[in-house]
Amino acid sequence: MREIYLDNAATTAVLPEVADAMRPYLTEIYGNPSSLYSIGQKGKRALEGSRNEVASAIEAEPEGIIFTSGGTESDNLAIKGFAYANSDRGRHLVTSPIEHHAVLNVFHELEKQGFEVSYLPVDRYGMVDPEAVKKIIRPDTILISIMLANNEIGTIEPLKEITALAHERGIAVHTDAVQAVGKIPVSVKELGVDMLSLTAHKIYGPKGTGALYKREGIKLAPLFEGGHQEKILRPGTENIPGVVGLATALRLATGNLDTEAAKISALRDRLESGILSRIDNVTLNGHSQQRVSNISSLNFAFLEGEALLLALDTRGIAVSTASACSADSDEPSHVLTAIGLDPVTARGTLRFSLGINNTSEEIDYVIDAVADAAEQLRQLSPMR
Ligand SMILES: *Cc1c(COP(=O)(O)O)cnc(C)c1O
């Protein structure tokens, strides 16, 4: 059977070039970068070379890059680390209700620990209004965390405006840029953010490797105690193959960004117009323009997204309902309910997330399969 992978917002295949770049650091140059002999020092050079590469991809200083185990850890280190290290200045934090769980659940935990968290409203496209930021911030606000691009609906947030407003009041800004990196140009200089999270496995790199960018002068408390690695902010022997994979994946993703984004958005438009013209009562969730090129969240009225997902799986197509992280929970997506869908309607959503390996021939097959499966399921649906 064919295999068509349309869940690239959940994770991606490692590119052959990335695997090739990593391989020597698994088998030959395995020394500990803290060791003084040459095999260790070769690892150290790879680590620092990768740091330079990651920094330059987001227009940051290499000193500001902290390697982590991925997006979740970067988000935790940024938010908890900042809250703990700066709580003497205030205990009020701001975020949005459509953040990834790696951000939202950190805030929920901080609430239990006595921090106060305010959630900015989003409109029906999932956009935060910078004007709302003005109203929500207080003298004791220390941090705002807003994602750059949403992982379920692809909406791109007005980070630059939010950052400008926050900085007028001396408030730090973190952004989870996991879904934006490699899809739109991401520059910490341009955005003005103080901290930014990214991960390798959403951009054709290995799972379990990410980075947090931190502006000079931003104080963080480490999440772990240990050795002196990553300026004590992230102790533990460095994952050299992972870091080399991250740097390589990031270099390829940012280097080919314009051509890949144009190609992928053309495929996405083909998919959307195909589905919308063939099937009744389908609507787009999120913003039709202000979004990343690869994500299309479509709502199918009178259908269960999960039933459609399974029907597509039997045809060799991998898609998700809302996000991979909530696939095993019964709750409707917090993102879709935040943009105003009622819980029953929200369940009729499928997220298609395209990648660099998809072809127009695959998209045509998918359109046929979705039309076919939706037709069959709707005939059986008691919701109709
Ligand atoms: C995938 C994802 C994460 C988590 O990254 P991991 O590397 O899987 O821990 C965080 N935020 C967003 C927006 C994501 O899409």
Side-chain angles (χ1 to χ4, degrees), residues 5-14 18 54 58 65-81 95-109 122 126-128 145-157 159 174-184 186 191 193 195-213 223-224 234 239 241-243 245-247 249-250 253 285-286 291-297 319-329 333-336 338-339 351-355:
Y5 186 72
L6 292 178
D7 202 14
N8 290 274
T11 196
T12 55
V14 173
V18 173
V54 170
I58 57 168
I65 303 298
I66 305 157
F67 289 117
T68 67
S69 66
T72 302
E73 187 187 336
S74 296
D75 288 340
N76 272 262
L77 179 58
I79 299 163
K80 271 192 193 162
T95 189
S96 86
I98 63 164
E99 299 297 311
H100 190 275
H101 284 125
V103 167
L104 272 187
N105 286 339
V106 177
F107 282 111
H108 293 159
E109 175 58 26
V122 292
M127 294 273 263
V128 169
S145 178
I146 300 291
M147 68 203 322
L148 189 48
N150 183 271
N151 52 299
E152 291 189 27
I153 55 179
T155 302
I156 300 169
E157 300 297 342
L159 242 292
H174 164 253
T175 189
D176 176 336
V178 165
Q179 293 287 349
V181 166
K183 311 297 184 310
I184 56 172
V186 174
L191 294 169
V193 293
M195 293 180 280
L196 179 144
S197 303
L198 56 88
T199 193
H201 78 100
K202 306 279 173 85
I203 52 169
Y204 312 97
K207 293 167 184 62
T209 307
L212 175 67
Y213 157 75
L223 301 175
F224 314 133
R234 209 296 184 161
N239 174 5
V243 158
L246 167 64
L250 196 53
N285 296 315
R291 62 169 160 162
V292 288
S293 52
N294 62 320
I295 294 180
S296 179
S297 172
V319 295
S320 75
T321 47
S323 74
C325 320
S326 44
D328 54 359
S329 101
S333 146
H334 66 285
V335 175
L336 299 176
I339 64 171
R351 177 189 67 181
F352 300 87
S353 51
L354 285 64

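Indexing begins at 1, ligand by ligand and atom by atom, following the structure's order. These figures come from a predicted structure and were not determined experimentally.
- For Gly71, a nitrogen or oxygen atom sits less than 3.5 Å from a nitrogen or oxygen atom of ligand 1, counting backbone and side chain alike.
- The side chain of His201, and not its backbone, has at least one atom closer than 4.0 Å to an atom of ligand 1 (non-hydrogen atoms only; side chain from C-beta on).
- Scanning both residues, Asn8 and Gly355, for their nearest heavy atoms gives ND2-N, 3.2 Å.
- Smallest separation of non-hydrogen atoms from Gly154 and Ile295: N-CG2, 3.9 Å.
- When heavy-atom distances to ligand 1 are checked against a 4.0 Å cut-off, Glu73 has no atom that comes that close, whether in backbone or side chain.
- Considering only non-hydrogen atoms, atom 1 (C) of ligand 1 lies nearest to Lys202 out of Lys202, Met147, Lys207.
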**Report entry** salt bridge (Lys or Arg N to Asp or Glu O under 4.0 Å) between Arg234 and Glu73, intermediate numbers included
**Finding:** CA-CA 10 Å; Arg234 209 296 184 161; Glu73 187 187 336; 2.7 Å; yes

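- Of the inter-residue distances, the one linking Asn294 atom CG with Leu354 atom CG reads 7.0 Å to the nearest 0.5 angstrom.
- With a 4.0 Å heavy-atom cut-off, ligand 1 is reached by the backbone of Thr72 and by its side chain too.
- Side-chain atoms of Thr72 never come within 3.5 Å of backbone atoms of Ala102 as a donor-acceptor pair (strictly under, hydrogens ignored).
- Judged purely by distance below 3.5 Å, without hydrogens or angles, the side chains of Asp75 and Ser197 pair a donor atom with an acceptor atom.
- With ligand atoms numbered from 1 in the order given, ligand 1 contributes 7 (O) to contacts under 4.0 Å with heavy atoms of Thr199.
- Residue Gly70 has at least one heavy-atom neighbour below 4.0 Å for each of these atoms of ligand 1: 7 (O).
- Every N/O-N/O distance between Asn151 and ligand 1 stays at or above 3.5 Å.
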